[in-house]
Amino acid sequence: MPMTPSYDDGQLRIRGALLVEDSIDVVDDVVIDQPRRGEALVRLVSAGVCGSDLAMIDGKLPYSRPLMLGHEAMGVVEALGPDTEAPGIGSRVTLWMRPPCRACRSCVNGRAELCENSGGMSARGTLLDGRTSSSRGGEPVYRGLGIGAFSTHVVMPVNGLVPVPDEVPDDVAALVGCGVSTGAGAVLNVARPEPGDSVLIMGAGGVGLAAVMAAAAVGAGKVIVSDPSEHRRKQALEFGATHLVDPSEDLPLRKQLKALTGSSTVDVAIDAVGSTALLEAGYGVIRFGGVLVAVGLHGMDATLTLPAAMVAVSHKQIRGCFMGGIDPQRDLPRLFDLYTSGRMPIDKLVTSRRPLGEVHEALDDLREARGLRTVLDLTL
């Protein structure tokens, strides 16, 4: 049943999935402060379950605890801080974990995706000013990737909120808040293939399939998907893939590409997993002057080995891509347009919907690769 919020001394009592020590508990005794200037109180409606959530649970992304999980979400603006006018109360919004400050050198130069101030929010699990805005038993509750979206409400900087068109469903708007933007942005903002180019996407999870959709949407001539799972490879055809590669085959990748497409090279290769082996393979098959995009995250001790003789003479480019190179106010409306026009069927990614009380089952869906994306309904 939906929970009726209750106020106590100016604080709102909320419900959420809290990582305490090594357990995840759904609790209803977290309190959240009212928004300050430049902030909004958002009643959350829908949240995607993302691989980064598992990384937080497993300690691969270290955060102080207790930690409110979740970071990929949409909701409705319920209140605004003093002297704050937009987005209006009642607006449906997607949340973005790196709200651009619009004042640092990167933001002023049109590179808001590299904002020099917002990164600390997602890294520390706090708001921009270092506070968490929520607590339990008098102790701060930290925010997963700076948001903490597996909850009924959250305080967010308004620069991290993007209005959602009426025709975009709640769960689609939530997925655009991380995974879809990461994969699609790798194509739209970083690789930027020309119409007719060949694009190899290595990994057919949620991020990889978002890249597939974007590549098809911009007119790539060949959208080639490589994934060890036969089921996921076949699913990729529903999202715009034109050719499929089985990486478990003994035949070298260049020969597989030649047999499939008539060419042993591609214009663009994207590692959507986070594997040095895939990066090295991608570098080997991009044409001279081609682009290799590194999307998946690696451990700090991972190293990449490339043929040094080719680095200078081939003009091959390796481009890093974190969070799709997204400027939320610039790019999320474009993704919504691609969805509403039918060019990016994001809704097909959603294979399960669960209430917040089934957060453990939702996380197991991801761990065990059950379906593509599970979305939590935060109103239940």
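Along the sequence shown, the residues carry numbers beginning at 1. Heavy-atom basis, side chains included; hydrogens, waters and symmetry copies ignored. For clarity, every value in this text was computed on a predicted model and none was experimentally measured.
Residues satisfying the salt bridge (Lys or Arg N to Asp or Glu O under 4.0 Å) test with R43, not counting sequence neighbours, are E78. For A191, the side chain to side chain contact (heavy atoms under 4.5 Å, CB included) partners two or more places apart in sequence, or in a different chain, are P193, V268, V293. Judged as a side chain to side chain donor-acceptor pair (under 3.5 Å), and not counting sequence neighbours, the contacts of S106 are E116. Annotation: side chain to side chain contact (heavy atoms under 4.5 Å, CB included) contacts of A302 (sequence neighbours excluded): T276, H298.
Atom CG of residue L376 and atom CG of residue L69 lie 10.0 Å apart, to the nearest 0.5 angstrom. Taken to the nearest 0.5 Å, the OG atom of S352 stands 11.5 Å off from the CG atom of L366. From R15, atom CZ reaches atom CG of D29 across 12.0 Å, with rounding to the nearest 0.5 Å. S226 OG to L253 CG: the interatomic distance, rounded to the nearest 0.5 Å, is 6.5 Å. Rounding to the nearest 0.5 Å gives a distance of 11.5 Å between OG1 of T152 and CZ of R13. Note that CD1 of I32 is 6.5 Å distant from CG of L12, once rounded to the nearest 0.5 Å.
At a threshold of 4.5 Å between non-hydrogen side-chain atoms, the residues Q317 and L292 do not count as touching. Annotation: side chain of S52 is in contact with side chain of L61 (closest heavy-atom distance under 4.5 Å). With a 4.5 Å cut-off on side-chain heavy atoms, F150 and V49 count as touching. The side-chain heavy atoms of M56 and H71, taken from C-beta on, include a pair separated by under 4.5 Å. Side-chain contact between V93 and V162 is absent, with no heavy atoms from C-beta onward closer than 4.5 Å. The shortest side-chain heavy-atom distance between I270 and V190 does not fall under the 4.5 Å cut-off. Counting heavy atoms from C-beta outward, S91 and V76 have side chains that stay 4.5 Å or more apart. Contact of the L356 side chain with the D377 side chain is not registered, since no non-hydrogen atoms from C-beta on lie closer than 4.5 Å.
Here the side chain of R143 pairs no donor or acceptor atom with the backbone of M68 at under 3.5 angstrom. Formation of a donor-acceptor pair under 3.5 Å by the S122 side chain with backbone atoms of R98 is not found in this model. Between the side chain of D53 and the backbone N or O of C50, at least one donor-acceptor pair lies under 3.5 Å. Of the possible polar contacts, one joining the S23 side chain to the V20 backbone as a donor-acceptor pair under 3.5 Å is found. For D271 (side chain) and S275 (main-chain N/O), a donor-acceptor pair under 3.5 Å exists by modelled atom type. Checking side-chain atoms of H243 against main-chain N and O of V223 turns up no donor-acceptor pair under 3.5 Å.
A salt bridge links D246 with R233: the distance from a Lys NZ or Arg NE/NH1/NH2 to an Asp or Glu carboxylate oxygen falls below 4.0 Å. The residues E113 and R111 are annotated as salt-bridged, a charged nitrogen and a carboxylate oxygen being separated by less than 4.0 angstrom. A salt bridge does not link R370 with E361: every distance from a Lys NZ or Arg NE/NH1/NH2 to an Asp or Glu carboxylate oxygen is 4.0 Å or more. Classification of D28 and R136 as a salt-bridged pair fails, no side-chain N sitting under 4.0 Å from a carboxylate O. At a threshold of 4.0 Å, the pair R131-D129 counts as salt-bridged, since one of the basic side-chain nitrogens sits closer than that to a carboxylate oxygen. Under the 4.0 Å criterion applied to side-chain N and carboxylate O atoms, D327 and R102 are assigned as salt-bridge partners.
For the 3.5 Å distance criterion, the side chains of S64 and R124 fail to qualify, holding no donor opposite an acceptor.
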Show your working on salt bridge (charged side-chain N to carboxylate O under 4.0 Å, His left out) between R354 and D365 and close with a plain yes or no. CA-CA 10 Å; R354 295 182 180 273; D365 288 344; 2.9 Å; yes

Verdict with supporting geometry, V350 and L372, side chain to side chain contact (heavy atoms under 4.5 Å, CB included): CA-CA 6 Å; V350 181; L372 291 173; over 6 Å; no

List the steps, then state whether side chain to side chain contact (heavy atoms under 4.5 Å, CB included) holds for L127 with M121. CA-CA 5 Å; L127 285 166; M121 176 174 164; 4.2 Å; yes

Go through it in stages, so that I can follow the logic: the residues are R36 and S133, the test is side chain to side chain donor-acceptor pair (under 3.5 Å), and I'd like the CA-CA distance, side-chain angles, deciding distance and then a yes or no. CA-CA 10 Å; R36 298 182 182 180; S133 81; over 6 Å; no

With salt bridge (charged side-chain N to carboxylate O under 4.0 Å, His left out) as the criterion, how do D22 and R65 come out once you've worked through the C-alpha distance, each side chain's angles and the decisive distance to 0.1 Å? CA-CA 10 Å; D22 294 322; R65 301 182 184 187; 3.5 Å; yes

If you apply the rule side chain to side chain contact (heavy atoms under 4.5 Å, CB included), what do you find for L67 with L18, and how did you get there? CA-CA 6 Å; L67 178 72; L18 203 60; 5.8 Å; no

I would like to know whether I286 and V291 meet side chain to side chain contact (heavy atoms under 4.5 Å, CB included); could you show each step before the answer? CA-CA 7 Å; I286 55 173; V291 176; 5.8 Å; no

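Cluster annotation: L200 is not connected to V207 through the hydrophobic network of ILVMFWY side chains, with a link wherever side-chain heavy atoms come within less than 4.5 Å. Criterion: ILVMFWY side-chain heavy atoms under 4.5 Å apart, direct or through other members. Under it, V26 and L54 are part of a common hydrophobic cluster. A chain of hydrophobic side-chain contacts below 4.5 Å, direct or via other Ile, Leu, Val, Met, Phe, Trp or Tyr residues, connects L128 to M323. V245 and V199 are members of different hydrophobic clusters when ILVMFWY side chains are connected at heavy-atom separations under 4.5 Å. Residues M74 and I147 do not share a hydrophobic cluster, defined by chaining ILVMFWY side chains whose heavy atoms lie under 4.5 Å apart.
Residues C104 and N117 approach most closely at CB-ND2, 3.8 Å, considering heavy atoms. Taking all atoms of both residues into account, the shortest heavy-atom contact from A47 to L378 is CB-CD1, 3.9 Å. Of all the heavy atoms in M202 and A269, the pair that sits closest is CE-CB, 4.3 Å. Residue L335 comes nearest to I346 through the heavy atom pair O-CD1, 4.4 Å, listed as atom of the first residue, atom of the second, then distance. Pairing each heavy atom of R232 with each of A369, the nearest pair is NH2-CB, 4.0 Å. Closest approach of P100 to Q329, counting heavy atoms only: CG-OE1, 3.8 Å.
Each of V180, I326, V164 was scored for a side-chain contact (heavy atoms from CB on, under 4.5 Å) with L332, with one residue passing: I326.
E85 CD: 12 or fewer foreign heavy atoms inside a 6.0 Å radius. Around the CD atom of E249, the shell of radius 6.0 Å holds more than 12 heavy atoms that belong to other residues, nucleotides or ligands.
Sorted by first and then second residue, the salt bridge (charged side-chain N to carboxylate O under 4.0 Å, His left out) pairs with a member in residues 163-172 read R92-D170, D171-R353; sequence neighbours excluded. For residues 277-287, the pairs satisfying side chain to side chain donor-acceptor pair (under 3.5 Å) are D267-R287, with sequence neighbours left out.
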